[in-house]
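Reviewing the structure listed below.
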Number of protein chains: 2
Amino acid sequence: MALTISELARSGGVGVETVRFYQRRGLIDDPRPSRFGGAKGRRHYGDDEVRRLRFVRGAQRAGFTLDEIARLLELDRVNDRPAARTMARERIEALDRKIAVLQAARASLTRLAKACAGGPDGPCPILESFTDS
Amino acid sequence: MALTISELARSGGVGVETVRFYQRRGLIDDPRPSRFGGAKGRRHYGDDEVRRLRFVRGAQRAGFTLDEIARLLELDRVNDRPAARTMARERIEALDRKIAVLQAARASLTRLAKACAGGPDGPCPILESFTDS
DNA sequence: GTTGACTCCGTATCACGGTACGGAAGCTAT
DNA sequence: ATAGCTTCCGTACCGTGATACGGAGTCAAC
């Protein structure tokens with residue numbers, strides 16, 4: 001606990017500038033609390049910030065945009081389960097579509113790699129790839 | 001055959017501006033052939049352009065960047081099979097990693113959706129999602 | 001108690017893949 | 001042969017997610 005911004009960044013595998021970017025986007029807490037009439041000092045970060053940063057990176061891997069991630073954090077704050085559930089389910093559906101597209105593309109590439117493996121003659125129809133998918 | 005640019009665009013499910021963007025990137029042929037000392041007229045497009053446009057869209061679905069797609073088209077032009085094979089195989093590996101990430105994310109979301117389905121009490125740990133993946 | 005790293009903050013810039021705008025010129029249907 | 005879509009072309013702008021820069025302030029170690 002009591003991490004500096006660079007330690008927090010390292011803990012999330014991102015750069016300092018990225019942490020600051022997330023702060024500006026409201027994904028990590030207010031860097032300018034300005035409560036107590038000033039508090040100009042250097043900020044320190046704890047478990048909550050580490051958890052949030054991890055969550056942001058994980059949610060990005062799931063394909064959420066930063067705007068959506070901000071909404072998810074707000075849903076967590078107000079404990080809005082139905083909305084959270086809806087967002088999760090919609091993302092699952094999008095992921096399923098995406099995974100299917102990638103698997104079809106993978107199959108096309110496998111076919112291409114196999115075709116181009118033969119000698120200098122024979123087919124290697126790059127341009128004809130992906131015609132199905 | 002002998003399509004206008006808007007017909008070509010429609011055939012690929014993209015906008016006219018996107019076709020023009022691809023032309024500038026060299027993905028679809030030179031819009032300014034300037035051969036025959038001028039030829040200022042309006043261009044027409046045929047099967048080759050339709051195939052290229054389809055290929056570009058398919059390769060994008062496979063996760064290739066436009067720069068990579070330009071290289072693939074060049075490899076096709078010079079019939080460089082080993083390089084084509086290498087690009088295909090590297091992309092397959094990247095796709096496998098990506099698909100695994102998306103499947104892990106999907107599993108996390110499924111767990112989240114299930115957890116948040118209960119009544120107003122009980123866990124719905126949005127922020128704890130993706131902790132594994 | 002000074003030096004050197006780190007931090008804060010605003011603002012600028014980047015990469016990627018488009019998307020839009022505006023003027024001139026070319027078709028096409030009436 | 002004129003109105004009114006398209007096209008052509010250069011250039012500008014957009015959204016997303018960062019990443020960089022520069023100057024002032026702060027902290028920690030020697």
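Hydrogens, waters and symmetry mates play no part in the numbers below; they use all other heavy atoms, side chains included. So that the names make sense, note that chain A is the first sequence line, chain B the second, and so on, each numbered from 1.
- The CD-P distance, from B/Gln60 to C/dG17, rounds to 7 Å in whole Å.
- What separates CD1 of A/Ile5 from P of C/dA5 is a distance of 19 Å, to the nearest Å.
- One can place CG of A/Leu3 at 15 Å from P of C/dC6, the figure rounded to the nearest angstrom.
- Side-chain atoms of B/Arg52 and B/Tyr45 form no donor-acceptor pair, as typed in the model, at a separation below 3.5 Å.
- When rounded to the nearest whole Å, the span between CG of B/Leu8 and P of D/dT7 equals 10 Å.
- The separation between B/Glu17 atom CD and D/dT11 atom P is 15 Å, rounded to whole Å.
- Note on A/Arg10: nothing from the nucleic acid sits closer than 4.0 angstrom, heavy atoms only.
- Each of D/dC8, D/dT6, D/dG17 was ranked by its minimum atom distance to the side chain of A/Arg25; first place goes to D/dG17.
- Aromatic ring orientation, A/Phe55 versus B/Phe130: tilted (interplanar angle from 30° to 60°).
- Separating the CG atom of A/Leu27 from the P atom of D/dG17 is a distance of 10 Å, rounded to the nearest angstrom.
- Distance, B/Phe21 CZ to D/dT7 C1': 20 Å, rounded to whole Å.
- Judged by closest nucleotide on DNA chain C, A/Ser6 is the one of B/Arg57 and A/Ser6 placed further toward the 5' end.
- In this structure, A/Arg61 places its CZ atom 15 Å from P of D/dG17, rounding to the nearest Å.
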